[in-house]
There are 2 protein chains.
Amino acid sequence: MISNKNCIIRLSRYKNALVRFKTLGFVKIFSEYLADAVGVTSAQVRKDFSLFGISGNKRGGYQIDALITKLNSILGKNEVQNVVLVGAGQLGSALMRYNTFEKEGIKIIAAFDIDPSKINLKSPIPILSLAEAALFIETNSIKIAILTVPDMAAQQTFDILIRAGIKGVLNFAPIELKTSSDCIVNNVNLAVELENLIYFVNVTAKEAPLIKI
Amino acid sequence: MISNKNCIIRLSRYKNALVRFKTLGFVKIFSEYLADAVGVTSAQVRKDFSLFGISGNKRGGYQIDALITKLNSILGKNEVQNVVLVGAGQLGSALMRYNTFEKEGIKIIAAFDIDPSKINLKSPIPILSLAEAALFIETNSIKIAILTVPDMAAQQTFDILIRAGIKGVLNFAPIELKTSSDCIVNNVNLAVELENLIYFVNVTAKEAPLIKI
DNA sequence: TAGATTGTTAATCGATTAACAATC
DNA sequence: TAGATTGTTAATCGATTAACAATC
């Protein structure tokens, strides 16, 4: 029932697409249309749903409202998810102001930084000293952290978070964090994403002339 | 030879890890250690390398310097890659200040926004009117764009970019862009990444008590 | 040389897709 | 009813891994 990461990411995408369909006034939807909106096959949609016991009506498709409710429940979106952010540098500060998280029910309730000049208890999201992180995380039972510290500090900061009880980390440092089995790490590396794009654009450009001949 | 996206992303990770090994004074490396640093198997490393004709020395491993050079060449990192950014909102502005790109040889040479109040020709990265984007992209032969506009504007802005000759887009809108076959889209969705993490942390938490019994 | 590591093949694994019976 | 869509099984596809001969 846990399924793989890609499957869960698709559930999020289905949910987002369904919200858009609902905004447009739709009430029911067929797997074919939902698949199209998300860029997968209809078989994939039905398979994913069946893995989570989501069923529709043969010939009648799926009720959008019920589907959104079910997906939100699976994805833990029925309650606000409190997270902390560690590393209030350029990217970290931007994420603190990134209002899409709030819209999606994800609340950064505090940020931490090692640099005393960054500490600011009065900003909309308080920025505290890294030294206070462990206690804060424990007393507030925070399970998820966003890690936006410099590369060289990533592993040691991560270790602090683990010891404080963090169970999931969204890591922006281009480092493979050594983790214990009970903490999950999702890596986001924007430079790598761009490099990837550059690579494929370049190979396609090199190939194109051959095709034209 | 094109290979799949995951393979190319691994090449970027190998490259990053190798640069760190080099910093630490290493000259040679075995597939086993590189695999460990990146979190894959040594067979995977050797397989990836062989796909790109990279060879080492049996019994002697790989020369780090030569390897970095080769990977940089494959990934197009021998020259600075110019890109544009479209949508100078919260996230867009942060990415403009995100110096990791510059460090990685990726230069945002201009940004565009539809909001006249955002236009600023004197900022370090000039912010121009969206109306000027097509001409700018064409005259400068820009192939890659970072798209950070609001969800509802994403598709129409994307269409403008396509017509201007953009071949690769790093898309931050939670929308599946309808693209032509000759433009590649990489999606980054931070809220979805966090949702994913939340999901797996929650299921693990629910399962843990069962394991303890 | 003996031992260790690469390079590559074949086996495994898992995810996606096609296909179709069930059924509304 | 006839037709269309779901739910699920089996087939396909592709990526990862194990294993080992080649060889430094």
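Proteins come first, then strands; the chains are lettered A, B, ... in the order of their sequence lines, and each starts at number 1. Just so it is clear, the values below take in all heavy atoms, side chains as well, and ignore hydrogens, waters and symmetry mates. These figures come from a predicted structure and were not determined experimentally.
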*Output yes when at least one side-chain N/O atom of B/R46 is less than 4.0 Å from OP1 or OP2 of D/dT17, else no.*
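No, no such contact exists.
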*Distance check: side-chain N/O of B/Y62 vs OP1/OP2 of D/dC24, anything under 4.0 Å?*
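No, because none of the side-chain N or O atoms of B/Y62 sits under 4.0 Å from OP1 or OP2 of D/dC24.
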*Should the pair B/R13-A/E176 be classified as a salt bridge under the 4.0 Å nitrogen-to-oxygen rule?*
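Between A/E176 and B/R13 there is no salt bridge, as every charged N stays at least 4.0 Å from the carboxylate O atoms.
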_Closer than 4.0 angstrom, basic N to acidic O: yes or no for A/E102 and A/R97?_
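Salt bridge between A/E102 and A/R97, a charged N being under 4.0 Å from a carboxylate O: no.
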Selected nucleotide, minimal atom distance to [X] side chain, candidates [options]:
X     : options               : value
A/F30 : D/dT6, D/dA22, C/dA15 : D/dT6
A/N6  : C/dT16, C/dG7, C/dC24 : C/dT16
B/N4  : D/dT5, D/dA15, C/dA15 : D/dA15
A/K58 : D/dT16, C/dC24, C/dT6 : C/dC24

Sugar-phosphate, base or nothing in reach of [X], heavy atoms under 4.0 Å:
X     : result
A/F49 : nothing
A/G56 : sugar-phosphate
B/S55 : sugar-phosphate

*Could you check which residues of residues 31-41 of chain B get a heavy atom under 4.0 Å from DNA chain D? Sort them by number, please.*
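Nucleic-acid contacts, sorted: B/T41.
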_Quick check: on DNA chain C, is the nucleotide nearest A/A43 upstream (toward 5') of the one nearest A/N57, or the reverse? Name the residue that is more 5'._
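Whichever sits nearer the 5' end wins; that is A/A43.
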[X] [atom1] - [N] [atom2] separation (whole Å):
X     : N      : atom1 : atom2 : value
A/L51 : D/dT9  : CG    : P     : 12 Å
B/K5  : D/dA15 : NZ    : C1'   : 16 Å
A/Q44 : D/dG14 : CD    : P     : 15 Å
A/D48 : D/dT8  : CG    : P     : 13 Å
B/K28 : C/dA4  : NZ    : C1'   : 11 Å

Under 3.5 Å, is there a donor on one side chain and an acceptor on the other for [X] and [Y]?
X      : Y      : result
A/D48  : A/Y14  : yes
A/N189 : A/E193 : no
A/R46  : A/S50  : no
B/N171 : B/N186 : no

_Judged by each residue's nearest nucleotide on DNA chain D, which is more toward the 5′ side, A/K47 or A/G61?_
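Of the two residues, A/G61 wins.
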*Toward the 5' end of DNA chain D, which comes first, A/S42 or A/R59, by nearest nucleotide?*
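Nearest nucleotide further toward 5': that of A/R59.
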*Taking the six-membered ring for Trp, are A/F101 and A/Y98 parallel (under 30°), tilted (30 to 60°) or perpendicular (over 60°)?*
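Perpendicular, since the angle between the ring planes exceeds 60°.
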*Could you write out DNA chain D as a dot-bracket string, with dots for unpaired bases, | for bases paired across to another strand, and Watson-Crick or G-U pairs counted at under 3.5 Å?*
..||||||||||||||||||||||
*asked:* Donor-acceptor pair, distance only, cut-off 3.5 Å: does the side chain of B/Q81 make one with the backbone of B/G76?
replied: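 Yes.
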*Without swapping roles, check the side chain of B/K143 against the backbone of A/V201 for a donor-acceptor pair under 3.5 Å.*
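A pair under 3.5 Å: no.
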*Are the aromatic ring centres of A/F136 and A/F112 under 6.0 angstrom apart?*
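Close enough - the centres of the two rings lie under 6.0 Å apart.
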